[in-house]
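Quick caveat, the model's predicted, so the values are computed rather than measured. Only this structure's heavy atoms are used, side chains among them; waters, hydrogens and symmetry mates stay out. When a residue number appears, it is its place in the shown sequence, counting from 1.
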Amino acid sequence: MRIVLAEDSVLLREGLIGLLERFGHQVVAGAGTADELTAAVAEHGPDIVVTDVRMPPGFSDEGLRAAIELRTRQPGLPILVLSQYVQRAYAEELLDSADGRGVGYLLKERVGDVEEFIDALHRVAAGNTVVDPEVVRQLIRRRRDPLARLTAREQEVLALMAEGRSNASIAAAMTVSEGTVSKHFGSILGKLDLSLDDTTNRRVLAVLAYLRG
């Protein structure tokens, strides 16, 4: 894939460029500011954007704002946002852009798990939604009822589901059968009063919409 990468830390930016290129991707531009990010996307028309949230000059939410503006101009542009900390409002606003398709919100520490990071990149590029499990946990904590009725196992399934995982992937992560995951999923739907179809991304978006509500 052709990638525009925005990260103000030169060391981290160069490290990510090396990592992405090692997996066969081409970083067509490396940006250090939100303005550079916007210009690079206009110039190169990348397949996906990877950006930090906090960037110069204010080091608050410039990267996120640029990402949301890019999504407004190009609703189909996949964007994977990396953040040092869980910023629930940031995640919610990003997920609300262009119906939340082709977006990801990960903590930077996830980059340390290279396979997980590359998998998230591919899923976002394919139009899926990927949300860091810690963000999901914070959203769950905010919703007391009826999420309080979910068992610990069901909450684990819900968190993995919100990462955009299939039933098979969830089963592998939890070391259970797909049938067990399906049973947990059915119980979750009943307790949350949700009716979802079988496509992974639609169910992720519906669950996240409920958690944000």
So how far is it from T129 OG1 to R123 CZ, rounded to the nearest 0.5 Å? 10.0 Å

For a quick check under 3.5 Å, do S169 and S166 share a side-chain donor-acceptor pair by atom type? no

To the nearest 0.5 Å, how far apart are CD in E7 and CE in M55? 6.5 Å

So do the side chains of H184 and M161 get within less than 4.5 Å of each other, counting heavy atoms only? no

Measuring from L37:CG to D8:CG, what's the distance to the nearest 0.5 Å? 12.0 Å

Does D119 reach the side chain of E115, with side-chain heavy atoms less than 4.5 Å apart? no

Side chains of T180 and M174, heavy atoms from C-beta outward: is any pair under 4.5 Å? no

Rounded distance [0.5 Å steps], CZ in F117 versus CG in L20: 5.0 Å

About how many Å separate OG of S9 and CD of E14, when rounded to the nearest 0.5 Å? 9.5 Å

Salt bridge (charged side-chain N to carboxylate O under 4.0 Å, His left out) involving R13 - partner list, sequence neighbours excluded: none

Could you walk me through whether L121 and I48 satisfy the side-chain contact (heavy atoms from CB on, under 4.5 Å) test, starting with their C-alpha distance in whole Å, then the side-chain angles of each, then the deciding distance to 0.1 Å, before giving a yes or no? CA-CA 8 Å; L121 183 78; I48 186 171; 3.7 Å; yes

Kindly indicate whether the side chain of R73, heavy atoms from C-beta on, has any atom under 4.5 Å from the side chain of T38. yes

I need the minimum non-hydrogen distance between A67 and I79, along with the two atoms involved. O-CD1, 3.3 Å

Less than 4.5 Å apart, any side-chain heavy atom of P57 and any of E62? yes

Sub-4.5 Å side-chain heavy-atom contact between L12 and V111: no

